[in-house]
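Side chains are part of it too, since the values below use all heavy atoms of this structure and drop only hydrogens, waters and symmetry mates.
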Amino acid sequence: MAAAGWSGVLRLTDLDDFIAPSQECVKPVVVEKTQGRALGKITVEEDGALMETDEHGTTRPLQKASITLDDCLACSGCVTTAESVLIQQQSHVEMLRVLRENQALGEASRRLVVVSISPQARASLAVHYSLGLQETASRLTGALKALGVHRVYDTTFSRDFSLLESGREFVERFRRRDSDPAALPMLASACPGWICYAEKTLGSMVLPFISTVRSPQQVMGSLVKDHIARQQGCAPGHVYHVTVMPCYDKKLEASREDFHLQEFDTREVDCVITSEEVVRLLEDEVGVSLREAEPAPLDTELSLVDEGGAVLGHDGGGSGGYLEHVFRHAAQELFGTTVTDITYRTLRNKDLREVLLESDGRVLLRFAAAYGFRNIQNLVQRLKRAKSPYDYVEVMACPSGCLNGGGQVRTKGVQAGGVAPEELLRRVEEAYASAAPVPPGCGDGAVTRLYREWLGDEGSERAKAALHTSYHALEKPASSLNLKW
């Protein structure tokens, strides 16, 4: 199970959220039959392959039933460990196949290939290759463009959209808390492992509390397939968008029907690969180390600063800084208080911390960060009893947050130093924190300008469609297929 890299929230349940490799998927599959063909003899080759021979003596591989990510998300039964479920649409091998096919086409027929890289994944690669964060960004950009990628962006830009929109949503919820019992606590929505668990296991009891703001990955998906596609004069389906993320759960997020553009029959994010898959792509498939790649600057259309290629970071830890941004925004908007330093108080463990805004001995705001399955369970139990003391909770499925995602580079070697997991995580945290801070007001200004150009007025229907989403409680079907004997 560990090899698959799913977050603990998807693994540590007893509700069929996760099935072992020895179990079978319960989803019924219809295999289409070809007219005019009668099944003949089936034989097993030396390598285990199944072959069928028809009445005319023609031998061909036996057709296999295929379970896609769409099937998994439409079924409330499980998320499987089998990598074969993912490899068809979400892998570095698939990405390389698309790149090679694209290169073989004439220039007029080629798709625009865009890669968006998360800062957490970049930090993991920086530690693995013993490079600085800025050098990692430029060498990775150069390596990807040498493979045929046209644009490389940093999701720090789309995260700014997500942070700003989260702050606005919290203020709106806080102001209607007395009339709406599901307004608070507002729960962060950036972690797909947490969202999948909430939809499949917790349902309507918890879903109304979750922020409707998209994650940075899906904000970037909307930006690339809408704004960048129009800017380049092509249809969204003509753009192939890949994201580099720190966890496997992001593959499930990208495959949600909510993020499928029906009109153009394309996904906002076509393929998600993890930090570890980037290493495999470069070293196993292409035969190049990141340290040997020629550097190139990040593209500037989606950047928080005018200088191309600058790697910036938000305050607030390795999971994106949602708690700190929303806390500062709410303190200013609701109480006219400017918060500079934020002091965390550790509660039961290092992955459960809280922050208070107090005035004259009265608590005005109570925020918390809850990482990992056991802390999420405690949070949910409090919600069930309507006894949660918090106004906002930054929820993340992985202990220690996104920097410790299951897709981060774990392999030992000279680059990683062969160190213990705790030390490796500490180095990744240091690398992540080494990014230059977003200059005050700089990010907001760049995002606000594009917001108006791209979406119009704040809160418009176009903005809601591009920056927000919805959740769906998945009921288990009453079927004997789901029974455990």
Carefully, step by step, assess Asp226 and Arg462 under the rule salt bridge (charged side-chain N to carboxylate O under 4.0 Å, His left out). CA-CA 11 Å; Asp226 185 359; Arg462 187 174 178 82; 2.9 Å; yes
[X] side chain to [Y] side chain, donor-acceptor N/O pair below 3.5 angstrom:
X: Tyr322; Y: Ser162; value: yes
X: Glu324; Y: Tyr344; value: yes
X: Ser255; Y: Gln90; value: yes
X: Asp258; Y: His472; value: yes
X: Tyr371; Y: Glu394; value: yes
X: Gln217; Y: Glu253; value: yes
X: Thr274; Y: Lys250; value: no
X: Glu268; Y: His241; value: no

Tell me whether Arg111 forms a cation-pi arrangement with Tyr240, defined as NZ or CZ under 6.0 Å from the six-membered ring centre and within 45 degrees of its axis.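 No, Arg111 does not sit over the ring of Tyr240.
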Is the cationic atom of Arg366 (NZ for Lys, CZ for Arg) positioned less than 6.0 Å from the six-membered ring centroid of Phe174 and within 45 degrees of its normal?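 Here Arg366 fails the 6.0 Å and 45° test against Phe174.
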Do [X] and [Y] have side chains that approach each other closer than 4.5 Å (heavy atoms only, starting at C-beta)?
X: Arg353; Y: Arg345; result: no
X: Pro119; Y: Thr155; result: yes
X: Leu347; Y: Glu354; result: yes
X: Leu302; Y: Asp154; result: no
X: Arg214; Y: Leu467; result: no
X: Ile195; Y: Ser189; result: yes

Rounded to the nearest 0.5 Å, what's the gap from [atom1] on [X] to [atom2] on [Y]? Could you check?
X: Ser91; Y: Ile273; atom1: OG; atom2: CD1; value: 9.0 Å
X: Leu323; Y: Met396; atom1: CG; atom2: CE; value: 10.0 Å
X: Glu94; Y: Cys271; atom1: CD; atom2: SG; value: 6.5 Å
X: Thr337; Y: Phe335; atom1: OG1; atom2: CZ; value: 8.0 Å
X: Ile342; Y: Leu357; atom1: CD1; atom2: CG; value: 9.5 Å
X: Ile228; Y: Met220; atom1: CD1; atom2: CE; value: 8.5 Å

With a 6.0 Å cut-off on the ring centroids, do Phe170 and Phe367 count as close?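 Ring centroids of Phe170 and Phe367 are less than 6.0 Å from each other.
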May I ask you to check whether Phe373 and Tyr197 place their ring centres under 6.0 Å from each other?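 Distance test on ring centres: under 6.0 Å, yes.
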For Arg374, is the CZ atom crowded, meaning more than 12 foreign heavy atoms sit under 6.0 Å from it?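 Count not over threshold, so no.
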Between Thr243 and Ser116, is there a donor-acceptor pair closer than 3.5 Å when you use the side chain of the first and the backbone of the second?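 Checked: no pair found.
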Checking Arg362 against Glu358 for the salt bridge (charged side-chain N to carboxylate O under 4.0 Å, His left out) test, could you report, in this order, the C-alpha distance in whole Å, the side-chain angles of both residues, the deciding distance, and whether it holds? CA-CA 5 Å; Arg362 184 166 64 97; Glu358 299 177 290; over 6 Å; no
Going through the distances and angles, do Val409 and Leu125 end up as a side-chain contact (heavy atoms from CB on, under 4.5 Å)? CA-CA 7 Å; Val409 185; Leu125 291 167; 4.1 Å; yes
Grab the two heavy atoms, one from Ser470 and one from Arg256, that are nearest each other, plus how far apart they are.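 Between these two residues, the closest heavy atoms are O-NH2, 3.3 Å.
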Looking at Gly459 and Tyr451, what are the two nearest heavy atoms and their distance?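 The pair with the smallest heavy-atom distance is N-OH, 3.3 Å.
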